[in-house]
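Counting starts at 1 for both ligands and their atoms, in listed order.
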Amino acid sequence: MRRGLAVVVAHPDDDTFGCAGTVALHAEDPAFSFVLVHATNGEAGEIADGSGATRETLGAVRQEEDRRSWIALGRVPDRHEWLHYPDHGLADVPPHELAARVAGILRESEPEVVITFGPDGVTGHPDHIAIGEATTAAFHRCREEGLPGFRRLIHSAIAQRTLDGWNRQLVEAGKDPMDPTQLYVPRGVPDQTIDVDVDTSDVAPRVLAALREHRTQQGGLQDWSEEQQLEAVSHERGVIAWPEQRRGRGVVRDVFDGLEGQGRPVR
Ligand SMILES: [Zn+2]
């Protein structure tokens, strides 16, 4: 079966956090293809000390960091599109325009699986929520057009138990726990709503190498030991937004699990 994956996110590094481990696990799979879409260049983001970037150069620097991150991971996207919308401005883009841009790319790539943000935006970031809504709309539009592919839509998510574990570690280290009611702070979804739980521990060092290429964005990692960082990238989880899931039917361990036998043959 053809295993096409499209990942649609707001900022450079959203992709690394959301799906790098899944991509690494399929790196040697000849049936796997990978399309990546970034809605912004991330020019309004953090500039870590010593990264050398300035507010003027940050967008270009982060695009380059993102390209390097996939090289460090060992599997670069087959197609990588940048929509160049303003960072921190996605919520101001007309939703139908954003959805049309994403749908245009998805139509050309006909992925089996699409990953984007859900309504919580993982951190509540309005850019994440906006691109998640637009991509969800684009997925359904393509599916309703009867195009091949479009078998599963996944919203990236953090399980509540994972967030609780991180907060325990922070408190034990004498730091403040993260408050998920605050903007830009990770938030969890109820454990029982997680449908996808990919164990990426075998490729965690590669994911960490990819994350470290985002040199302008290293502020948040400093509170974590190497072991804790590896642990944090040892699972990628999500909620299956389509097709509708029956609760209690268990989780899939790979984004393509359960789609075998019904997909298109590899061309
Ligand atoms: Zn982001």
Side-chain angles (χ1 to χ4, degrees), residues 6-23 35-48 51 53 55 57-70 73 77 80-93 95 98-99 101-102 105 114-136 138 154-158 162-163 166 178-189 207-208 210-224 229 232-233 236-239 241:
V7 175
V8 186
V9 293
H11 313 110
D13 84 349
D14 294 340
D15 45 335
T16 320
F17 282 112
C19 72
T22 292
V23 171
V35 173
L36 177 59
V37 182
H38 276 103
T40 83
N41 301 352
E43 72 277 4
E46 175 195 351
I47 303 178
S51 66
R55 188 51 65 197
T57 65
L58 186 62
V61 168
R62 292 191 70 185
Q63 286 187 286
E64 185 58 25
E65 287 176 343
D66 198 83
R67 279 190 278 270
R68 287 175 187 276
S69 76
W70 291 102
L73 184 90
H80 192 170
E81 290 286 335
W82 297 89
L83 303 185
H84 304 295
Y85 283 109
D87 188 5
H88 280 68
L90 276 187
D92 301 325
V93 178
L98 199 51
R101 292 286 304 276
V102 173
I105 297 164
V114 176
I115 301 178
T116 189
F117 290 105
D120 70 354
V122 174
T123 62
H125 197 310
D127 282 351
H128 293 183
I129 294 169
I131 194 65
E133 284 178 355
T135 304
T136 297
I154 298 174
H155 287 160
S156 291
I158 299 172
T162 303
L163 193 70
W166 292 346
M178 295 180 281
D179 176 0
T181 65
Q182 299 298 306
L183 200 53
Y184 311 131
V185 173
R187 50 213 66 203
V189 300
V207 177
L208 207 50
L211 270 181
R212 286 175 178 160
E213 291 295 336
H214 295 280
R215 290 185 189 148
T216 57
Q217 309 297 306
Q218 297 298 306
L221 287 176
Q222 289 155 6
D223 287 345
W224 306 80
Q229 291 181 31
V233 297
E236 287 172 359
R237 296 188 174 94
V239 174

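Residue contacts to the Zn ion (ligand 1): His125 brings no N, O or S atom closer than 2.8 Å.
Distances from the Zn ion (ligand 1) to the N/O/S atoms of Asp14 are shortest for OD1. Nearest N/O/S atom of His11 with respect to the Zn ion (ligand 1) is recorded as ND1.
For the ring-ring contact (aromatic ring centres under 6.0 Å, His included) with His38, the qualifying choice from His11, His84, His80 is His80, the only one to do so.
At least one side-chain heavy atom of Tyr85 sits under 4.5 Å from a side-chain heavy atom of Arg101. When side chains are defined from C-beta on, Ser51 does not count as touching Val61, because their heavy atoms never get closer than 4.5 Å.
Taking His155 as the reference, nothing meets the ring-ring contact (aromatic ring centres under 6.0 Å, His included) condition, with sequence neighbours excluded.
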